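Just below is one structure, and these are the notes that go with it.
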Amino acid sequence: MQAVTLKGHKEGFEIILDSRVSFAEITSELEKLLKELRMNNANQKQTAFDIATGMRLLTAEEKKEIEKIVSRFEGFSIHRITADVIRTDVALDLMNQRSTHRVGRVVRNGQVVTIKGDVLFFGSVHQGGILQATGNIYVLGEVQGIVHAGYEDNTRAVIVGDLNTAQQVRIGDVVTIVADRPADEPLDKVVYVSDLHNLESTDVHTLMTLRPKLFVKAGGF
């Protein structure tokens, strides 16, 4: 069983680490491989490797050890280290970020409710209450407080619903105070951040053109 395999591509070189062998075997064979490459590369050509670990997730210490071995050879460096798997907590976080959560609670004065992902909101936000989500917010309830989509820095998020009784509307780092808007300029059903980094509103029928990815359903990651 070969612990380390070198492959050449148009983009450069890839070193594949076999996930079935011990890390000690991998480091030993990696050092041997790099020594051979260095001997055959007399002109000291700069080479950056992609390291593929397959079904093995390297710990921080193991990554440092791999980087340390490669750094011993002049002209060699690591472009990136990739794996075919991710940690369970990272996978769960991604699922949350890409899910639409249904919320029907009351957010009272002084309360802050934070949701990862998109929110379909059926409840009510009282004055002084804050509903914030990392994704989009679809409002079917009553808002007299603050709604914040794209928390903290996602300015591609949108808020859909009647927001004219809200105190504030926020997307990413952009804020509008609804009470300060002229009476003849109510917010339309869709609020978004324009290319000029201002909060704008538009009719719901333009949402598909404005954010077409909202209407694309894809499974997995």
Side-chain angles (χ1 to χ4, degrees), residues 1-101 114-118 133-136 149-158 171-173 193 195 197 208-221:
M1 188 180 298
Q2 193 169 345
V4 178
T5 304
L6 178 68
K7 287 190 175 182
H9 305 285
K10 289 189 299 183
E11 298 80 12
F13 291 99
E14 180 183 33
I15 296 176
I16 301 171
L17 311 183
D18 195 317
S19 59
R20 296 167 295 177
V21 303
S22 70
F23 186 70
E25 290 178 80
I26 285 174
T27 55
S28 176
E29 286 201 24
L30 178 62
E31 190 150 10
K32 290 177 184 177
L33 171 66
L34 295 176
K35 282 180 180 178
E36 291 177 8
L37 289 175
R38 183 75 287 161
M39 289 175 63
N40 295 330
N41 188 11
N43 60 1
Q44 304 291 311
K45 182 180 178 181
Q46 294 289 323
T47 304
F49 298 99
D50 286 342
I51 308 288
T53 66
M55 301 300 289
R56 180 197 298 266
L57 275 178
L58 297 181
T59 65
E61 291 74 19
E62 288 172 338
K63 285 183 180 180
K64 286 181 181 178
E65 181 64 22
I66 295 290
E67 291 166 354
K68 184 178 178 181
I69 291 170
V70 175
S71 68
R72 292 180 191 145
F73 298 90
E74 185 179 354
F76 288 169
S77 62
I78 295 175
H79 174 229
R80 61 181 176 179
I81 298 176
T82 60
D84 295 333
V85 290
I86 59 176
R87 297 198 319 267
T88 302
D89 60 328
V90 174
L92 291 173
D93 188 58
L94 283 171
M95 290 175 64
N96 275 326
Q97 292 281 4
R98 299 185 184 193
S99 297
T100 299
H101 305 273
T114 304
I115 307 293
K116 286 187 177 181
D118 296 345
T134 60
N136 308 294
Y151 173 82
E152 301 170 330
D153 58 0
N154 177 16
T155 54
R156 296 293 295 173
V158 297
I171 298 179
D173 60 348
V193 177
D195 293 339
H197 208 66
M208 183 174 287
T209 302
L210 185 68
R211 296 290 188 269
K213 288 185 178 180
L214 292 179
F215 299 85
V216 177
K217 290 185 178 180
F221 296 132

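All values reported here derive from a predicted model rather than from experimental measurement.
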- Item | Euclidean distance, Ile26 CD1 relative to Arg20 CZ, rounded to 0.5 Å | 11.0 Å
- Test item: Leu30 and Ile15 side chains (from C-beta on) under 4.5 Å apart, heavy atoms: yes
- Please round to the nearest 0.5 Å and tell me the distance separating atom NZ of Lys35 and atom CG of Asn40. 14.0 Å
- Message: A side-chain contact here means heavy atoms from C-beta on lying under 4.5 Å apart; do Val85 and Arg56 qualify?
- Response: no
- Item | CD-CG distance between Glu67 and Leu58, expressed to the nearest 0.5 angstrom | 9.5 Å
- Task: Evaluate whether atom CZ of Phe23 has more than 12 neighbouring non-hydrogen atoms of other residues, nucleotides or ligands under 6.0 angstrom away.
- Result: yes
- Item | Nearest heavy atoms of Ile86 and Leu57, plus distance in Å | C-CD1, 3.7 Å
- So, Thr155 side chain and Gly172 main chain: donor-acceptor pair closer than 3.5 Å or not? no
- Query: To the nearest 0.5 Å, how far apart are CG in Leu34 and OG in Ser71?
  - Reply: 10.0 Å
- Task: Kindly compute the distance separating CE (Met39) from CZ (Phe73), expressed to the nearest 0.5 Å.
- Result: 11.0 Å
- Query: Taking all non-hydrogen atoms of both residues, which atom of Gly135 and which atom of Ala149 are closest, and how far apart?
  - Reply: O-CB, 3.4 Å
- Message: Checking Arg72 against Glu31 for the side-chain contact (heavy atoms from CB on, under 4.5 Å) test, could you report, in this order, the C-alpha distance in whole Å, the side-chain angles of both residues, the deciding distance, and whether it holds?
- Response: CA-CA 9 Å; Arg72 292 180 191 145; Glu31 190 150 10; 3.1 Å; yes
- Side-chain contact, heavy-atom cut-off 4.5 Å: Leu17 with Ile51? yes
- Query: Donor-acceptor pair, Asp118 side chain versus Asn136 backbone, under 3.5 Å?
  - Reply: yes
- Candidate pair Phe76 and Gln46, rule side-chain contact (heavy atoms from CB on, under 4.5 Å), full reasoning: CA-CA 6 Å; Phe76 288 169; Gln46 294 289 323; over 6 Å; no
- Query: Hey, does the side chain of Glu65 reach the backbone of Glu62 with a donor-acceptor pair shorter than 3.5 angstrom?
  - Reply: no
- Task: Check the side chains of Asp50 and His9 for a donor-acceptor pair under 3.5 angstrom, ignoring hydrogens and angles.
- Result: no
- Please check if atom CZ in Arg211 has more than 12 non-hydrogen atoms from other residues, nucleotides or ligands closer than 6.0 Å. yes
- Message: So does Lys7 get a backbone contact from the side chain of Glu14, meaning a donor-acceptor N/O pair under 3.5 Å?
- Response: no
- Message: Is there a side-chain contact between Glu29 and Leu33 in this structure, where contact means two heavy atoms from C-beta onward sitting under 4.5 Å apart?
- Response: no
- Nearest-0.5 Å distance that lies between atom CG in Asp173 and atom CG in Asp153: 8.0 Å
- Message: When you compare the side chain of Arg156 with that of Lys213, does any pair of heavy atoms fall below 4.5 Å?
- Response: no
- Message: Please check: side-chain N/O of Ser28 versus main-chain N/O of Glu25, any donor-acceptor pairing under 3.5 Å?
- Response: no
- For Thr134 and Asn154 the tightest heavy-atom approach is O-ND2, 3.5 Å
- Side-chain heavy atoms of Thr82 within contact of Thr53, under 4.5 Å: no
- Message: If you define the side chain from C-beta out and look only at heavy atoms, does anything of Leu37 sit under 4.5 Å from Phe49?
- Response: yes
